[in-house]
Amino acid sequence: MYSLIKLKQATLPLLRRTMSSQEPDVLFEALNNAGIVTLNRPKALNSLNTSMVSKLLPQLQEWEKSKSLVIIKGAGEKAFCAGGDVKAAIDKMEGPRFFHTEYNVNYLIGNYKIPYIAFINGITMGGGLGLSVHGRYRVATEKTLIAMPETKIGLFPDVGGSFFLPRLQVNLGLYLGLTGDRLKGKDVVKAGIATHFVPSKRLYELEMLLSRCANDIEVNSLLNKFHEPSEDFSLASNIKHINYCFAASTVEEIIERLEKVQNEWSVKTLETLHQMCPGSLKITLRALQRGAQLDLGQCLQMEYRLACRATENHDFPEGVRALLIDKDNKPQWNPKSLAEADDEYVESYFKRLPEDKELKFFDSKL
């Protein structure tokens with residue numbers, strides 16, 4: 001008995017030390033002329049939480065003044081960043097706090113004065129696209145898999161999705177935003193989401209050489225040397241159908257047009273849309289239509305209203321419950337159908353918040 005007590009006493013300091021020396025969720029390193037960010041939650045596929053975005057904002061601001069470039073990457077082999085931690089985001093208090101900081105990070109990246117290079121190696125979804133697509137350079141690899149799957153959980157493509165998706169060629173962004181379809185490898189460059197394709201085994205060498213670059217001309221030249229051009233686009237045979245179907249002004253009309261196409265792709269796309277949250281489809285289409293006319297900051301302010309309303313309403317918490325918490329995959333949406341998600345319901349999401357609750361950017365003049 002005595003030895004057991006002594007053993008427990010001896011292991012307590014060790015336990016405390018292990019807990020206190022837990023790996024930080026985001027790592028920052030200065031390497032030559034570069035600031036290197038590593039999202040460091042590999043077991044959670046580097047998904048973002050409030051702690052991470054709260055650290056990213058001041059560090060990126062500081063490096064913008066002191067470094068020649070910034071490189072951001074994910075720890076482990078599986079993911080750059082699989083998105084935001086939505087289980088925390090559905091909380092009425094924590095959700096708006098998380099979105100407020102995350103959208104400020106997206107805004108900073110979109111306006112960053114020095115080259116910002118994202119290595120989108122592995123799974124890159126939702127919030128992971130927010131940390132990459134607004135930057136000047138996005139490097140995809142053969143392991144890259146991107147998607148904006150928010151309509152499946154009662155949300156909408158946020159983190160500036162309403163800005164970058166409608167700006168992709170041939171209505172591709174509307175298709176990706178509504179269906180959550182995935183693109184892989186070189187397709188990510190073809191779609192215009194990544195700027196370069198580099199095999200994953202060359203990323204370390206690329207990072208070392210980039211860190212010695214002194215300006216954007218050197219960065220651009222080096223990336224072009226490493227870039228391997230793409231072959232055909234896997235969606236090429238259906239681009240004309242995507243362009244036609246997703247040019248429609250309502251979700252109902254998109255469905256009508258898909259029914260007319262009558263091929264394997266349109267049947268699969270219809271099945272996908274019928275699995276999505278009806279309210280989310282309506283809100284997403286309107287956000288992308290409006291976002292096409294707005295700048296990044298205005299898009300993020302619009303999205304912040306939508307995100308705050310999503311935490312207060314039924315569908316987002318219900319989608320997260322059904323797909324990620326209980327995993328019964330049987331969400332009970334409300335409104336239940338596209339017809340019930342009427343104009344009044346959709347517009348209620350877009351209304352301005354009370355002035356003190358609106359999204360304010362770190363550089364806004366008070």
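Numbering of residues begins at 1 and proceeds along the displayed sequence. This is a predicted model, so every value here is computed, not measured.
Although no hydrogens or angles enter the test, the distance criterion places no donor-acceptor pair under 3.5 Å between the side chain of Asp85 and the main chain of Leu48. For Glu150 (side chain) and Gly180 (main-chain N/O), no donor-acceptor pair under 3.5 Å exists by modelled atom type. Of the possible polar contacts, one joining the Ser280 side chain to the Leu155 backbone as a donor-acceptor pair under 3.5 Å is found. Between the side chain of Arg41 and the backbone N or O of Ser47, at least one donor-acceptor pair lies under 3.5 Å. In this structure a side-chain-to-backbone donor-acceptor pair under 3.5 Å is present from Glu318 to Gln332. Arg167 places a side-chain N or O within 3.5 Å of a backbone atom of Gly291 that can act as its donor or acceptor partner.
Ring-plane geometry between Tyr112 and Tyr116 is classed as perpendicular, the angle between the planes exceeding 60 degrees on a 0 to 90 degree scale with a lower cut at 30. Note: Phe163 and His134 have tilted aromatic rings, judged against thresholds of 30 and 60 degrees for the angle between ring planes.
Taking a 6.0 Å sphere around CZ of Arg182, one finds it holds 12 or fewer heavy atoms contributed by other residues, nucleotides or ligands. For Lys186, the NZ atom sits in a packed shell: over 12 heavy atoms of surrounding residues, nucleotides or ligands are nearer than 6.0 Å. The environment of CG in Asn224 is crowded: more than 12 heavy-atom neighbours from other residues, nucleotides or ligands sit within 6.0 Å. Within a 6.0 Å sphere centred on NZ of Lys55, other residues, nucleotides and ligands contribute more than 12 heavy atoms.
A salt bridge does not link Lys92 with Glu312: none of the charged nitrogens is closer than 4.0 Å to a carboxylate oxygen. One finds a salt bridge joining Arg321 and Asp326 here, because a Lys/Arg side-chain nitrogen approaches an Asp/Glu carboxylate oxygen to under 4.0 Å. One finds a salt bridge joining Glu207 and Lys73 here, because a Lys/Arg side-chain nitrogen approaches an Asp/Glu carboxylate oxygen to under 4.0 Å. Between Glu231 and Lys190, no side-chain nitrogen of the basic residue sits less than 4.0 Å from a carboxylate oxygen of the acidic one, so the salt-bridge criterion is not met.
Side-chain contact annotation: Asp216 with Tyr137, donor-acceptor N/O pair under 3.5 Å present. Defined by atom type and a distance below 3.5 Å, a donor-acceptor pair is present between the side-chain atoms of Asn238 and Asn263. Side-chain contact annotation: Ser200 with Asn121, donor-acceptor N/O pair under 3.5 Å absent. Side chains of Asp187 and Ser234: a donor on one and an acceptor on the other come within 3.5 Å. Between the side chains of Asn32 and Ser211, at least one donor N or O lies within less than 3.5 Å of an accepting N or O. Between the side chains of Asp158 and Tyr304, no donor-acceptor pair of N or O atoms lies under 3.5 Å.
For the side chain to side chain contact (heavy atoms under 4.5 Å, CB included) with Met148, the lone residue among Ile193, Leu176, Leu129, Thr284 that qualifies is Leu129. For the salt bridge (charged side-chain N to carboxylate O under 4.0 Å, His left out) criterion with Glu347, the lone passing option out of Arg309, Arg290, Arg305 is Arg290.
Nearest heavy-atom pair across Lys67 and Asn33 is CD-O, 3.4 Å. Between Glu64 and Asn111 the shortest heavy-atom distance is OE2-O, 3.9 Å. Taking each heavy atom of Met302 and Ala287 in turn, the nearest pair found is CE-O, 3.4 Å.
In this structure, the side chains of Val37 and Ile71 stay at 4.5 Å or more apart for every pair of heavy atoms. Between Glu142 and Pro199 there is a side-chain heavy-atom pair separated by less than 4.5 Å.
Between His227 and Phe197, the ring center distance fails the sub-6.0 Å criterion.
Atom CD1 of Ile72 sits about 4.5 Å away from atom CG of Leu39, to the nearest 0.5 Å. Note: Thr101 OG1 to Tyr103 OH = 11.5 Å, rounded to the nearest 0.5 Å. A distance of 6.5 Å separates CG of Leu288 from CG of Leu178, quoted to the nearest 0.5 Å. We find the CZ-OG distance between Arg286 and Ser162 to be 14.0 Å, quoted to the nearest 0.5 Å. Atom CG of Leu359 sits about 9.5 Å away from atom CG of Leu353, to the nearest 0.5 Å.
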What pairs of donor and acceptor atoms, side-chain ones from residues 239-252 against any protein atom, are under 3.5 angstrom apart with sequence neighbours left out?
unit_1	atom_1	unit_2	atom_2	d
Asn243	OD1	Asn171	ND2	2.9
Thr250	OG1	Glu253	N	3.0
Glu252	OE2	Lys282	NZ	3.1

